[in-house]
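Take a look at the structure below.
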Amino acid sequence: MNENVIDKGYEPSDVEKRWYEFWEKEQLFAAEEADNRPAYAIVIPPPNVTGVLHMGHALNVTLQDILCRYRKISGDNVLWMPGTDHAGIATQNVVEKKLAAEGRDRHQLGREKFIEAVWEWRQKYGSAIINQLKRLGASCDWQRERFTMDEGLSQAVRKVFVQLYQEGLIYRGSYIINWCHRCHTALADLEVEHEEHDGNLYHIRYPFADGTGGLVVATTRPETMLGDTAVAVNPEDERYRQIKADSVILPLMERKIPIIKDSYVDMSFGTGALKVTPAHDPNDFEIGNRHSLERIKVIGDDGIMTAEAGRFAGLDRFKCREAVVEALKAEGLLIKINPHKHSVGHCYRCKTIVEPNLSRQWFVSAKPLAQKAIAAVEKGETRIIPDIWTHTYFDWLTNIRDWCISRQIWWGHQIPAWTCSACDAVIVAMDTPESCPTCGETRLVQETDVLDTWFSSALWPFSTMGWPEDTPLLKKFYPTSVLVTGFDILFFWVARMMMMGIHFMKDVPFKDVYVHALVRDEEGKKMSKSKGNVIDPLDIIDRYGTDAFRFTLAAFAAQGRDIKMSEKRVEGYRHFINKLWNAARFALMHIQGENSRIDHRHLSLPDRWILSRLRRVTTSVAQALNGYRFNDAAGDLYQFVWHEFCDWYLEAIKPTLYNENDPKQKETTIAVMEHVLHDTLILLHPFIPFVTEEIWHKLPGTTGSLLKAAFPAPDDTAARSTPDPEAEAIMTLLMNIITGIRNIRGEMNIPPSLDLTAAVHLQDPAVLEAVRTHQGIIINLAKLGSLSIDRTAQKPRASATAIVDRATIFVSLEGIIDFAKEVQRLEKEISKLNSEFNTVAKKLNNQDFLSKAPEEVVAKVREKHKAFSDKQQKLLSHLEKVKSMGMDIR
RNA sequence: AGGCACGUAGCUCAGGGGGAGAGCGCUACCCUGACACGGUAGAAGUCCGCGGUUCAAAUCCGCGCGUGCCUACCA
């Protein structure tokens, strides 16, 4: 026995901590700037500093870690760039809440003190999410950790802003934007979440100014009528052709407003007359521009009606709605109220209903940038995987609208624009200007707005590598190899990185984009705190271990499908980890000393077989990972480790291990077992890094981390395994025979303790010889007392029969046979066979099939037909014998 | 309103034009010298429905039903 023998059950917690510290201490995650190995780079989707690890992170980070570790083991120079996002609105909200709890607010502090408070907060809590990523085993190059508000990254932000401004791609103007009254800031279109609401459609009568009658308009937001500056009808609309009046009197405000004609108006909706509120509706805004209408802002930025709202000034916007409706009723102008479903925009951060509002903001002119981002994917410079997301990507970029980038909050990159207090000139510059270049004035006022968080994230692939400096890191690792992300930020982030990367680096930011699914709860619902269906990854890790959790995520990560997290599944994979652990424990009991060498002259059949299987699983795992098919790789490894290595190989070699009479054979088999375990650990390491590293260090002759091991090369046939079809064929036949015998044992309820007598009948002399050579395997694994293998086996008098491949098996049941049971068993077998036989026979009777199907398919079916009919005949004849024997005995 | 996915064993899901798969659960028998977080065997499915293409459809196409998601300025 080896002194390395390990404990009976795998205990993750201390192992995980120990090895993570080891990897960090040994700097095994560090990328090398000066190094000629192939470069492989991933930038992490930076989690919010306010973030707490959730399932989405866990999946995202696990997949990236699998890729990075796989590449490292494959010999690449890997850079996994980590960092966090300052998450403007989200972080500001968190800190404001904290202040509120202390009875303070940001306005008391003032801008500067408030920002200081946010930095303090980040100092204190900002690394929480990083530590959580480490518990997942993330192999990021932590030395290089970045933050979007770092000096370097802020520099990049200013540079980009200034250049885009100079190129005319950033501009400032008054437009309709989405306004959140709670966050008190503009939001980009993407930051608005739409939701169906049960609302009302209010029909309001607007009297003609000339007193000849009136028309009826419909609206879902009656309070906005206070800001109406026109009523529009479609020029084609017959109903309004003959109207004499050219204007109406706006009720409640008693303001005369024109009736205009605009083809935007949908004649089929409502009355075909549209009230126009340019300051509070994006479409009305456009109409207003076409007709030079006045914009009257009646809802203030605080959600309170402005002075422009006349007697409704000072009311909350929703209170005002009620008041307006009441007032209209009183004047008899409210015709009717219909229930009406419509979608209402909400702030993605605080869920407040957003208001389209007229406001002066900064915008990025998106079209020219988007065109290049589309072209890059069309040309294949960046691949999106799975392909299905390509269409979504094109769709969005084709219909993209200008991007509102200014936010009226304090936490973020302050816009580098100054206004001259003397001549109103706007100065956009990297650094604070001394004086106004137009008039020389020194009193300059900086823009108070900050930039949308996604503005800085859009630069992440190159800003983290030191841009605008021309760094060695950029030279080596840009463009990055792959971006791994969820589809929920395809537009927010991926598309914008493409636009910015191409524009500023003249090259795409990543060659591949791997889009993974969303993790949902067991019912398929999106996990959210408000639903209370959140499964905490850290809790799962505590209870099942990181490796089991990671393996589950990988196994679930089928392309293009959402993941419904199930704890049962995690438990199943914990068992797998334990199985691996115990297989290693078994192997270590037998491995003696250092570096046993495989002597190819002494390879047994199971040795040849498992080496062949190892070769195949190595290939399939490599292919699966290269194609981002994580679940295939995980599934293949699971199957190999448990059902080939443990169930068959280790069981098959036990007699060899306990046999002292053939030391050469034993030594070779131990070497093979050790070799297979060795390579399996390497293959498994990207998925389950902790347990594999732990076992690795128990293996004699291994030095240093498993991360420095080499992935089994496909062409390394000398020391490693090669596909061996002959060994696989014989072994498969043996396994089928063994299963056949076990089946009889099980179905006949014969206790495992009882040794059986069996005979195998085989026609082909070569096959017969091969099986006879390895009969020990059958005797051992089927628990036989004796076995005979012949061309014409004598059927024992009372026996059960099975037919597998071309072998007929007789299991003697002298004294224990239950004839009725055997009849039942055979009948079941025959009926199962019959249905298969029939489908095959039907095909061969079909002329069209014979003439049109490919030759090899026909040949296969013929072969099958023959095998089925042989088997059927044999089973039927045995059934007859058993029946008659049963009669005899009775 | 458009667009996209999904519907396969009791549950969670792979697969994908030529004999229905896995894990969990279930049943029976086993504590055999790595592992009961284990072993061996077994039961279990109109592959959502209806049409079509094909020699052959769970798989491809169309329609329908159901579920989920994304995008959108119909007042």
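Lettering of chains follows the sequences in order, A, B, ..., and the numbering in each one begins at 1.
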Is any side-chain nitrogen or oxygen of Asn743(A) closer than 4.0 Å to OP1 or OP2 of G42(B)?
-> yes

Honestly, is Arg550(A) close enough over Phe687(A), meaning NZ or CZ under 6.0 Å from the six-membered ring centre and within 45° of the axis?
-> no

Would you mind checking if Lys261(A) and Asp237(A) are paired as a salt bridge, meaning a charged N to carboxylate O distance below 4.0 Å?
-> no

A correct 5'-to-3' footprint of nucleotides 25-35 of chain B, with B, S and - meaning base, sugar-phosphate only and no protein heavy atom under 4.0 Å, is ---SSS--BBB

When the ring centroid of Tyr393(A) is compared with that of Trp389(A), is the distance short of 6.0 Å?
-> no

Considering only heavy side-chain atoms of Phe487(A), the closest of C55(B), C69(B), U12(B) is C69(B)

Which pairs, with at least one residue in residues 639-656 of chain A and sequence neighbours excluded, count as a salt bridge (Lys or Arg N to Asp or Glu O under 4.0 Å)?
-> Arg613(A)-Glu644(A), Glu651(A)-Lys654(A)

Please state the C1' separation for the pair G10(B) and G51(B) - nearest whole angstrom.
-> 31 Å

Glu747(A): what forms a side chain to side chain contact (heavy atoms under 4.5 Å, CB included) with it, not counting sequence neighbours?
-> Asn743(A), Arg825(A), Lys828(A)

Write out all pairs satisfying salt bridge (Lys or Arg N to Asp or Glu O under 4.0 Å) with one or both partners inside residues 832-844 of chain A, taking only residues at least two apart or from two chains.
-> none

State the pairing partner of G19(B); accept Watson-Crick or G-U wobble contacts with both distances under 3.5 Å, and report none otherwise.
-> none

What pairs of nitrogen or oxygen atoms, one from the protein and one from nucleotides 17-22 of chain B, lie under 3.5 Å apart?
| from | atom 1 | to | atom 2 | distance (Å) |
| --- | --- | --- | --- | --- |
| G18(B) | O2' | Lys843(A) | NZ | 3.2 |
| G19(B) | OP1 | Lys864(A) | NZ | 3.4 |

Could you list the residues that satisfy side chain to side chain contact (heavy atoms under 4.5 Å, CB included) with Ala230(A), not counting sequence neighbours?
-> Pro258(A), Ile260(A), Val276(A), Leu293(A)

Contact class for Arg825(A) (heavy atom, under 4.0 Å): base, sugar-phosphate, or nothing?
-> nothing

Indicate, with a heavy-atom threshold strictly under 4.0 Å, whether Arg742(A) touches base, sugar-phosphate, or nothing.
-> sugar-phosphate

C1'-based separation of A43(B) from A5(B) [nearest Å] | 34 Å

Pair Glu571(A) + Arg543(A): basic N to acidic O under 4.0 Å = no

